[in-house]
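Only this structure's heavy atoms are used, side chains among them; waters, hydrogens and symmetry mates stay out.
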Amino acid sequence: MKTKKEFERVVPQTVGISVKAIMKLLDQLEGEYTEIHSIMVMRHDKIALEGWWAPYSPDIKHMMMSASKTFSGTAIGIACHEGILSLEDRLVDLLPQYIPDPCPENLKKVTVRDLMTMSSGSDREVPVDESWPQNYFEQTNFAYEPGTSFLYNNAPATLLAKILAEKTGQSLPGFLKEKLFEKIGIDPENITWFTAPDGTSFASGGLHCKSEDLLRLMRLYLHHGKWDGEEILSEQFVDFATSPQVDSSNIFGYAKLDLFSDNVFGYGGMMWISHDDLGYRAEGAYGQFGIVVPSSI
């Protein structure tokens, strides 16, 4: 493993962050309805704020829930950068053993890009359970032209992990250990990743990692896929992942509910787009956020 790059710790004012704004943020986070575990704020590649609320600490892993998808999508980006995969590869060619006969016309068109953007054309979620992935292909109704209709669900990321395993002979965490974790200072021995019943890494929500691990991943995207001069992701892939690729305003059919009010501004490649052009984020079900605001850096 490369020598881990430790980030400089500074007081907020030295990187142009208002202490008053920090205190207001903390007051809001410690509100009646929030159970905060940790926070880290980086600007100009320096840590300006970090904190953990008991019993949590810097070395304790957190369940990332759907923020796991951004790590999984990064693995696909690396595979594309190395020529192992392409965003335009078709699902029917990558996993032919699961394709039903006759094959629905829309399924024939589904690509890695469509899985990355939650727009495979499905109109229902099929759980990643004991009968997965066969059930996915048998029960999914590919009702829409791929790339045209957004349906946020767990199967696409885990399908991508299966594809990666088929192509490389490595599990998702094994691939990321070599290609990502050891390069950006994430300790792979302190990573836990649940598996689906068939042994595939549960790429949609099974990752446990430290707060700083998530920060390190998002810093990689902030720097357009480069880490200390090494290109881990292509800039083209980063642009794809961090810009709106599909309309997400119909999320779960509840776009008007405040609960989903931040999820209606578009979806990129395993990444949510933030409102008012404020950047992009990894996001998990219970408030796991890795937020990048490029305009403020």
Side-chain angles (χ1 to χ4, degrees), residues 6-72 74 152 154 184-187 190-194 202 204-222 242 251-252 254 257-265 267 270-276 278-297:
E6 296 292 347
F7 299 122
E8 183 181 352
R9 267 67 177 174
V10 298
V11 294
Q13 303 96 309
T14 62
V15 289
I17 298 177
S18 162
V19 173
K20 184 178 180 180
I22 290 286
M23 296 307 296
K24 181 179 179 181
L25 171 63
L26 293 176
D27 286 342
Q28 292 174 333
L29 289 175
E30 292 183 320
E32 181 181 358
Y33 301 106
T34 306
E35 181 188 310
I36 185 168
H37 295 183
S38 67
I39 185 171
M40 298 185 75
V41 175
M42 168 178 276
R43 195 175 194 209
H44 304 330
D45 282 344
K46 299 174 182 179
I47 304 295
L49 172 68
E50 58 185 331
W52 285 261
W53 281 251
Y56 299 96
S57 68
D59 292 324
I60 288 181
K61 292 180 288 188
H62 301 257
M63 189 170 186
M64 289 291 106
M65 301 300 287
S66 283
S68 307
K69 292 180 174 73
T70 304
F71 283 85
S72 305
T74 302
Y152 187 78
N154 284 326
I184 69 173
I186 295 176
D187 179 4
N190 197 40
I191 292 290
T192 304
W193 211 312
F194 291 160
F202 185 48
S204 299
L207 174 65
H208 292 67
C209 68
K210 299 189 304 181
S211 308
E212 188 173 321
D213 296 337
L214 180 57
L215 179 142
R216 286 175 177 269
L217 177 69
M218 302 314 290
R219 179 186 181 273
L220 176 68
Y221 279 90
L222 173 65
T242 62
I251 176 141
F252 306 134
Y254 299 116
L257 295 183
D258 288 343
L259 180 61
F260 304 118
S261 61
D262 283 336
N263 299 98
V264 301
F265 299 98
Y267 195 77
M270 295 291 162
M271 197 98 72
W272 288 99
I273 308 305
S274 299
H275 63 87
D276 296 334
L278 287 178
Y280 49 88
R281 67 190 185 279
E283 179 179 326
Y286 295 104
Q288 300 86 352
F289 294 107
I291 302 169
V292 178
V293 185
S295 62
S296 71
I297 303 301

Q: Could you list the residues that satisfy ring-ring contact (aromatic ring centres under 6.0 Å, His included) with Phe202, not counting sequence neighbours?
A: none
Q: Let me see the working for Glu50 and Lys210 under salt bridge (charged side-chain N to carboxylate O under 4.0 Å, His left out), right down to the final yes or no.
A: CA-CA 13 Å; Glu50 58 185 331; Lys210 299 189 304 181; over 6 Å; no
**Q.** Centroid-centroid distance, Trp272 to Phe289, less than 6.0 Å
**A.** no
Q | Ile39 CD1 to Leu215 CG distance, which is reported to the nearest 0.5 Å | A | 11.0 Å
Q: Dump the intermediate steps for side chain to side chain contact (heavy atoms under 4.5 Å, CB included) on Met64 and Cys209, then the final yes or no.
A: CA-CA 7 Å; Met64 289 291 106; Cys209 68; 3.6 Å; yes
Q: Any chance you could measure Asp262, atom CG, to His275, atom NE2, to the nearest 0.5 Å?
A: 5.0 Å
(Q) Donor-acceptor pair, distance only, cut-off 3.5 Å: does the side chain of Thr34 make one with the backbone of Glu30? (A) no
Q. Would you say the side-chain atoms of Gln288 pair up with the backbone N or O of Met63, donor to acceptor, closer than 3.5 Å?
A. yes
Could you tabulate the donor-acceptor pairs under 3.5 Å formed by side-chain atoms of residues 10-26, not counting sequence neighbours?
residue : atom : partner : partner atom : Å
Thr14   : OG1  : Val11   : O            : 2.7
Ser18   : OG   : Lys20   : N            : 3.2
Ser18   : OG   : Ala21   : N            : 3.1

Q) Who passes ring-ring contact (aromatic ring centres under 6.0 Å, His included) against Tyr56, sequence neighbours left out? A) His37, His62
Q | Atom pair CD (Glu283) and CD1 (Ile291), whose distance is rounded to the nearest 0.5 Å | A | 8.5 Å
Q) In terms of heavy-atom contacts, does CD of Glu35 have more than 12 from other residues, nucleotides or ligands at under 6.0 Å? A) no
Q.
Nearest 0.5 angstrom please: Tyr221 OH to Tyr280 OH, how far?
A. 9.0 Å
Q. Is there side-chain contact between Phe71 and Ile191, with at least one heavy-atom pair below 4.5 Å?
A. no
Q. With distance as the sole test, does Ser68 use its side chain to make a donor-acceptor pair with the main-chain N or O of Ser204 at under 3.5 Å?
A. no
Q.
Is there a side chain to side chain contact (heavy atoms under 4.5 Å, CB included) between Ser274 and Val292? Walk through the geometry before answering.
A. CA-CA 9 Å; Ser274 299; Val292 178; over 6 Å; no
Q: Please round to the nearest 0.5 Å and tell me the distance separating atom CD of Glu212 and atom CG of Asp187.
A: 11.5 Å
